[in-house]
Participant: 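One structure, pasted below without further comment.
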Amino acid sequence: MSSVSIESIALHIVRHLVRGMGKTEGQGASIQSLRHWWTVSLGQRGENFELGLDYADQSEWVMRGPDNIILLTTLGSEKGAASR
């Protein structure tokens, strides 16, 4: 998978946190609920979710919090709110 595709997946996850769930900097959701949205609601492959989440984490758009929570960073809030 190319880095562009992985970046697109990461952006989709971050946008869902911001626009779909109304989260802002420091807020987040459980990995389980995000994975459920990705695989069940969107019908996407789970391994793509993991790659996108790892990309978002490396890009500092999200950070992993306690209890398998993904928290938005300032960069993630801005990225998710930006329109394309």
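Every value quoted in this text rests on a predicted model; they were computed, and no experiment measured them. Here, residue 1 is the first one in the sequence, and each next residue gets the next number.
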Participant: Taking all atoms of both residues into account, what is the closest heavy-atom pair of L34 and M21, and its distance?
Facilitator: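 Where L34 meets M21 most closely, the heavy atoms are CD2-SD, 4.1 Å.
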Participant: Given side chains that start at C-beta, do those of L17 and V62 come closer than 4.5 Å, heavy atoms only?
Facilitator: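 Of all side-chain heavy-atom pairs linking V62 with L17, at least one is under 4.5 Å.
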Participant: Using 30° and 60° as the class boundaries, would you call the ring planes of W38 and F49 parallel, tilted or perpendicular?
Facilitator: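 Answer is tilted, since the angle falls between 30° and 60°.
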Participant: Donor-acceptor check, side chain of Q27 to backbone of T24, threshold 3.5 angstrom: yes or no?
Facilitator: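 Yes, the answer is positive, given that a donor and an acceptor are paired below the 3.5 Å cut-off.
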Participant: Quick check for you: to the nearest 0.5 Å, what is the distance between L72 atom CG and E78 atom CD?
Facilitator: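 The CG atom of L72 sits 11.0 Å away from the CD atom of E78.
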Participant: Given I9 and Y55, is the side-chain contact (heavy atoms from CB on, under 4.5 Å) satisfied, shown in steps?
Facilitator: CA-CA 9 Å; I9 292 167; Y55 184 95; over 6 Å; no
Participant: Considering non-hydrogen atoms only, spot the tightest contact between G26 and L71 and give its length.
Facilitator: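 So the minimum-distance heavy-atom pair works out to O-CD2, 3.6 Å.
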Participant: Could you give all pairs that pass the salt bridge (Lys or Arg N to Asp or Glu O under 4.0 Å) test and reach residues 30-39, with sequence neighbours left out?
Facilitator: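 Checked against salt bridge (Lys or Arg N to Asp or Glu O under 4.0 Å) - neighbours excluded - the pairs reaching residues 30-39 are R35-E50.
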Participant: If you draw a 6.0 Å radius around CD in E47, do more than 12 non-hydrogen atoms from other residues or ligands fall strictly inside?
Facilitator: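 For E47, atom CD is crowded (more than 12 foreign heavy atoms under 6.0 Å).
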Participant: side-chain contact (heavy atoms from CB on, under 4.5 Å), that's the test. Do K23 and V18 meet it? Break it down for me.
Facilitator: CA-CA 5 Å; K23 305 298 182 182; V18 174; 5.7 Å; no
Participant: So, does W61 use its side chain to make a donor-acceptor pair with the main chain of A10 at under 3.5 Å?
Facilitator: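 Not at all, since once roles are kept as given, no pair shorter than 3.5 Å links the two residues.
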Participant: Restricting to non-hydrogen atoms, name the atom on M63 and the atom on T73 that form the minimum distance, rounded to 0.1 Å.
Facilitator: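 Answer, listing the atom of M63 first, then T73: N-CG2, 4.2 Å.
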Participant: Which heavy atom in T39 sits nearest to a heavy atom in R45, and how many Å separate them?
Facilitator: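 Between these two residues, the closest heavy atoms are CG2-C, 4.4 Å.
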Participant: Counting only N and O atoms by type, is there a donor-acceptor contact under 3.5 Å from the side chain of S33 to the main-chain atoms of S30?
Facilitator: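 Yes, because the side chain of S33 sits within donor-acceptor range (under 3.5 Å) of the backbone of S30.
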Participant: Quick one: NE2 on H16 to CG on L11, what's the gap to the nearest 0.5 Å?
Facilitator: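 One gets 14.5 Å once the value is rounded to the nearest 0.5 Å.
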Participant: Kindly compute the distance separating CD (E7) from NE2 (H12), expressed to the nearest 0.5 Å.
Facilitator: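 Result: 14.5 Å between the selected atoms.
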Participant: Scan for salt bridge (Lys or Arg N to Asp or Glu O under 4.0 Å) pairs involving residues 52-77, sequence neighbours excluded, and state none if there are none.
Facilitator: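 Listed once each, the pairs are D54-R64, D57-R64.
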Participant: Please name the pair of heavy atoms, one in I6 and one in L51, separated by the smallest distance, quoted to 0.1 Å.
Facilitator: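 Looking at all heavy atoms of both residues, the shortest contact is CG2-O, 3.6 Å.
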Participant: Closest approach of G28 and I69, non-hydrogen atoms and distance?
Facilitator: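 Closest approach of G28 to I69, heavy atoms only: C-CG2, 4.4 Å.
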